[in-house]
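A short write-up of the structure that comes next.
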Amino acid sequence: MGMTMSQKILAAHCGREEVKAGEIVMARLDLVLGNDVTAPVAIKEYAKTKAPAVFDCNKIALVMDHFAPNKDIKAAEQCKIVREFAREKGITNFFDVGEMGVEHALLPEKGLVGSGDLVIGADSHTCTYGALGAFSTGVGSTDMAYGMATGTAWFKVPSAIKFVLKNKPGKWVSGKDIILHIIGMIGVNGAQYKSMEFTGDGLSHLSMDDRLCMANMAIEAGAKNGIFEVDEKTEEYEKAHGRKRTVVYKADPDAEYDRTIEIDLSAVKPTVAFPHLPENTKTIDEVGEIRIDQVVIGSCTNGRLEDFEIAAAIMKGKKVHKGCRVLIIPATQEIYLQALKKGLLEIFIDAGCAVSTPTCGPCLGGHMGILAKGERAVATTNRNFVGRMGHVESEVYLASPAVAAASAIAGKIASPDEI
Amino acid sequence: MNVKGKAIKYGHNVDTDVIIPARYLNTTDEKELASHCMEDLDKTFPSRVASANGTVMVAGRNFGCGSSREHAPLAIKAAGVSCVIAEDFARIFYRNSINIGLPIIESPEAVAGIDDGDEVEVNFDKGIVRNVTKSKEFKIAPFPPFLQAIIAAGGLLAAAEKNVLK
Ligand code: SF4
């Protein structure tokens, strides 16, 4: 019987011809990731493995992004644990302030993850790299510790839902609108345990930034991973980011899927997820009058160059609404630099936005823009759970960079067409 | 490997916040975690487990959903539960349970055929769940040998230390 893209990658990494959904396999890893929140726990656990050295000092990535630049003394201590571990073990891919970025934006940009790779990370949004045709998934701290020691992890081979994307999306519709539309349709458990595999001729209209954003939110539908079929855009991206080879695993024609869902991209409208679940979606024409106090454009979901290009095009020559605080957070140093060179940051600052160094910051209610009781934010991030950006009685509305930028100008949730 | 005990049964979507509320996450002390296990749903849980000669937890769909905290399976294991049988588990909970050495079984048939208070026996090697009280048997897919080795060793890192994973 045929295999899905995800199953083929797993099979290749456990040296087998074939794996079947539901089987449990031990597989070889191409990269193990941790951040300043999860790595300190895993480092403590790692000691228990009594491993004389990490499995490969070039295949572990440690990124200080959640509470960095250090928000307080506790955060500083956490980063210090990781910094010392990285030095002691000779870990080459340790990214600290000055070169770090939000992990899931940084790793693809550095060419550390790519098509055909098998990646685990102690962070639920590790599924982002599926945009490049990798099998990547979030795990717990014990898995990370074991992965660092042995270079392997066990997996239950997932079954899959196939999403066939058709046609070309409309003007203001980005990857974010498409994935919110899908989560609204199948629900936050709609893809539990499963792979979400994206294919179809509509793919050619989606940029790599769109795809990274969509794969990033696969976990918000409960999926184990999200994965895109590799095409010329993937290959171009990989070449531009220093990957030597593109490994392509295509699903077999007779691969078995639990469900196949067709999405007509031309019918998707700009979509907003209302509090407090990513599945509470409304299209932009259904939102009504929602006044806002803050806008955040950034994160591993939508903090990439294209996101800022779209936002800047909408904000150019305009001022943000009085009383609305607008935070622009490029996800990596490279994106920051490109946005600077292209004059985007000037547009944002002229409009009255605050521009920040890369960090997760407000996305998880860490720092750099926490909400008070009763406040509302439109954010290009991926989760709007209770208290996610601050007070338990604050609210987060998830949207695309275009809708976020339009809302910043209007002071309420708005369509870019209104601006 | 065999386990047996009295069934304690719950419904669908038992989340990690119910298993171990976030207010107790400032400790990793297993005994303390165990003493608060399930308390927001069922205050009698710790005493029932303590007084029984072995406990098998039984639940519906999506057991362990919510955050990825490893404290949740730890609390269940430390409370004295020898096995959890559910219709299905949230993904990271499933991994974390195996990794800390808590045996878990997915079997909608077994869940349907076990009531609260029934005596249950699980034979992992043969892949059989037996409801002793009702004299019923359910077949389960056996774990592959290396997952059995993880659970028998008491968790993933213990297995690595004992060098039993090949
Ligand atoms: S930006 Fe947000 S979702 Fe992404 S890694 Fe950071 S905290 Fe997690």
Side-chain angles (χ1 to χ4, degrees), chain A residues 14 19-20 22-27 37-38 41-42 44-51 55 120-127 137-150 152-158 187-189 191-195 218-219 221-225 383 385-387, chain B residues 12-13 15-17 22 25-26 28 60-74 86-102 104 106-107 140-151 153-166:
Chain A
C14 62
V19 295
K20 286 199 172 68
E23 252 188 290
I24 294 172
V25 298
M26 203 64 147
V37 169
T38 58
V41 185
K44 212 172 116 199
E45 297 291 302
Y46 172 87
K48 293 188 195 160
T49 66
K50 309 237 165 81
F55 85 104
I120 62 165
D123 188 276
S124 55
H125 292 103
T126 302
C127 52
T137 191
V139 296
S141 49
T142 300
D143 282 304
M144 182 189 171
Y146 186 78
M148 290 197 295
T150 65
T152 59
W154 64 271
F155 296 90
K156 186 169 171 186
V157 178
V188 294
N189 292 325
Q192 182 110 306
Y193 286 144
K194 302 183 199 298
S195 305
I219 179 75
K224 185 181 194 111
N225 69 312
R383 282 184 174 155
F385 301 158
V386 174
Chain B
H12 300 309
N13 297 311
D15 66 56
T16 51
D17 269 299
L25 294 182
N26 53 4
T28 48
R61 284 191 302 274
N62 204 22
F63 187 87
C65 57
S67 99
S68 64
R69 63 188 68 147
E70 277 188 11
H71 305 71
L74 270 176
E87 290 181 35
D88 62 34
F89 294 88
R91 191 183 77 77
I92 298 184
F93 182 90
Y94 185 94
R95 295 193 72 80
N96 288 348
S97 298
I98 306 265
N99 287 346
I100 63 138
L102 173 69
I104 56 175
E106 276 185 346
S107 172
I140 51 167
F143 283 127
F146 62 75
L147 281 201
Q148 275 182 33
I150 291 173
I151 292 169
L156 184 63
L157 298 179
E161 191 184 335
K162 291 176 190 147
N163 216 358
V164 293
L165 298 179
K166 289 282 172 286

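Below, read A as the first sequence line, B as the second, and so on, with proteins coming before strands; counting in each chain starts at 1.
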Self-check item: Side chain, backbone, both or neither of A/Val41 within contact of chain B (heavy atoms, under 4.5 Å)
Solution: neither
Quiz item: Which atoms of A/Lys224 come close to chain B, meaning under 4.5 Å heavy atom to heavy atom: side chain ones, backbone ones, both, or neither?
Solution: both
Self-check item: Minimum heavy-atom distance between A/Thr49 and B/Leu157, given as atom pair plus value
Solution: CG2-CD2, 3.3 Å
Exercise. Sort out for me which of A/Ser124, A/Ala145, A/Ala122, A/Ser141 touches chain B most, counting heavy-atom pairs under 4.5 Å.
Key: A/Ser141
Quiz item: Roughly how far, to the nearest 0.5 Å, is CZ of B/Phe89 from OH of A/Tyr193?
Solution: 7.0 Å
Quiz item: Side chain, backbone, both or neither: which part of A/Gln192 has an atom under 4.5 Å from a heavy atom of chain B?
Solution: side chain
Quiz item: Do the side chain of B/Arg95 and the main chain of A/Trp154 share a donor and acceptor less than 3.5 angstrom apart?
Solution: yes
Quiz item: Checking A/Phe155 against chain B: side chain, backbone, both or neither under 4.5 Å from a heavy atom?
Solution: both
Quiz prompt | Distance (rounded to the nearest 0.5 Å) between A/Lys156 NZ and A/Glu23 CD | solution = 11.5 Å
Quiz item: Between B/Asn99, B/Ile98, B/Asn96, which is the residue that forms a side-chain contact (heavy atoms from CB on, under 4.5 Å) with A/Thr142?
Solution: B/Asn99
